[in-house]
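As structure tokens, the structure follows; a few thoughts come after it.
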Amino acid sequence: VEAGNVVLLEYLHEPSRVLGPGFHFVPRLQHVEEIFTLEDQRWEASPIVATSKDGIEIAVHDFQFGYRLASHHHSNMMKKRTTTDPYPFSPKSVWKLAYNRSVKEDGHPMEWGKVAQFRLDGIITDHINKNSIDQIIAPITGDPRDDILKAFNSPKIRDTIKDNLGTEVTWLNIGRFHINDEKIGKDIKDYRLRAWFAQWAGKAALIRAQGKAEQISQTEGGRIEKTA
């Protein structure tokens, strides 16, 4: 087995064992079922579409994350890669990844990254469902990505992915939020632009009025002094 890989062996109807890097003998009645990489992986999701609280579809572009086979319950208790143990892994994680993946219509297991995405993108869609378009696209304070990242980084979410899929998420990039319907997006931008102009026109009129009042006050004050 090449360094950076693990091999899952099976009997005819049940799993046998997991082999790490090195030379191994495969007994009779056992076969190689699947080979998994221990290298860090990267997955970029297709656009995720969800509906905001006010009924507008939001598309999330460039959602991507890094992941790898979880290494808990391994002899390397630090769970970190070292020169002596560059690819720590857990046989239990291999079994979970092999047997807990969904199956596609053609009968083949779904891609590793796609299954991990299903465990993660629900957090994004839930956030969109619970907030209005302005809170998502143009928040007055803060960044909605911070709330989403906070949810992603919770021990509950990460432990669930480890326990169900034997996978560790190493990093996340939420991506960009866009209104899914181009015409609706243009209408909202135009409305915001008009509202912005109206706001600044009102402020400009107020400043001019204050300046005019100050000018009148100074003129009247000068006239009174002159009369006195």
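None of the values given here were measured: they were computed from a predicted structure.
Across all their heavy atoms, R119 and N100 have their closest contact at NH2-O, 4.1 Å. Residues I124 and F152 share a closest heavy-atom pair of CG1-CZ, 3.9 Å. K53 approaches S132 most closely through the heavy-atom pair CB-N, 4.1 Å. The heavy-atom pair separating E39 from T37 by the smallest distance is N-OG1, 3.1 Å. Scanning all heavy atoms of the two residues, the minimum distance from N131 to I136 falls at O-CD1, 3.7 Å. A pairwise comparison of heavy atoms in N129 and T51 identifies ND2-O, 2.7 Å as the closest pair.
In this structure, the side chain of S71 does not engage the main chain of S90 through any donor-acceptor pair within 3.5 Å. The main-chain N or O of P139 is never found under 3.5 Å from a side-chain atom of D134 such that the two would form a donor-acceptor pair. R158 contributes a side-chain N or O that, together with a main-chain N or O of V169, makes up a donor-acceptor pair within less than 3.5 Å.
Once rounded to the nearest 0.5 Å, the distance linking NZ of K162 with OG of S93 reads 8.5 Å. Rounded to the nearest 0.5 Å, atoms CD (Q135) and CD1 (I128) are 12.5 Å apart. A distance of 11.5 Å separates CD of Q117 from CD of Q64, quoted to the nearest 0.5 Å. Taken to the nearest 0.5 Å, the CG atom of D62 stands 8.0 Å off from the NE2 atom of H178. Distance CG/L149 to OG/S154: 11.5 Å, rounded to 0.5 Å. To the nearest 0.5 Å, atom CG of residue N153 and atom CG of residue L172 are 6.5 Å apart.
Between L97 and W95 the shortest side-chain heavy-atom distance does not fall below 4.5 Å. Within the 4.5 Å cutoff, side-chain heavy atoms of K114 are placed close to those of W43. In this structure the side chain of D143 reaches within 4.5 angstrom of the side chain of D146, judged on heavy atoms. Inter-residue side-chain proximity for H127 and P144 is flagged as met; some heavy-atom pair is nearer than 4.5 Å. When side chains are defined from C-beta on, P47 does not count as touching F63, because their heavy atoms never get closer than 4.5 Å. The closest side-chain heavy-atom distance from D163 to K96 is below 4.5 Å. Put simply, the side chain of I58 reaches to within 4.5 Å of the side chain of I133, judged on heavy atoms. Contact annotation: the side chain of R17 approaches that of P27 to within less than 4.5 Å [non-hydrogen atoms, C-beta and beyond].
Cluster membership for V60 and V49, using ILVMFWY side-chain heavy atoms within less than 4.5 angstrom, is not shared. L8 and L19 sit in two unconnected hydrophobic clusters of ILVMFWY residues. Membership requires side-chain heavy atoms under 4.5 Å apart, directly or through other members. In terms of hydrophobic clustering, with Ile, Leu, Val, Met, Phe, Trp and Tyr side chains grouped at heavy-atom distances under 4.5 Å, V18 and Y99 are assigned to a common cluster. No single ILVMFWY cluster, assembled from side-chain heavy atoms under 4.5 Å apart, contains both V94 and Y11. A continuous path of Ile, Leu, Val, Met, Phe, Trp and Tyr side chains, each step under 4.5 Å between heavy atoms, connects F118 with L120, placing both in one hydrophobic cluster.
Pairs of residues two or more places apart, or lying in two chains, never qualify as ring pair (Phe, Tyr, Trp, His ring centres under 6.0 Å) while including a residue from residues 14-40.
Using a cut-off of 4.0 Å between Lys/Arg side-chain N and Asp/Glu carboxylate O, R101 and E34 are scored as salt-bridged.
Here Y67 and W112 bring their ring centres to under 6.0 angstrom of each other.
Applying the salt bridge (Lys or Arg N to Asp or Glu O under 4.0 Å) test to E111 and every residue at least two apart in sequence or in another chain returns K104. Not a single ring pair (Phe, Tyr, Trp, His ring centres under 6.0 Å) links F177 to another residue, sequence neighbours left out.
Looking at V6, V32, V7 one by one, the single match for side chain to side chain contact (heavy atoms under 4.5 Å, CB included) with V1 turns out to be V7.
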So Q30 and S16, side chain to side chain contact (heavy atoms under 4.5 Å, CB included) or not? Walk me through it.
-> CA-CA 7 Å; Q30 295 185 31; S16 169; 2.8 Å; yes
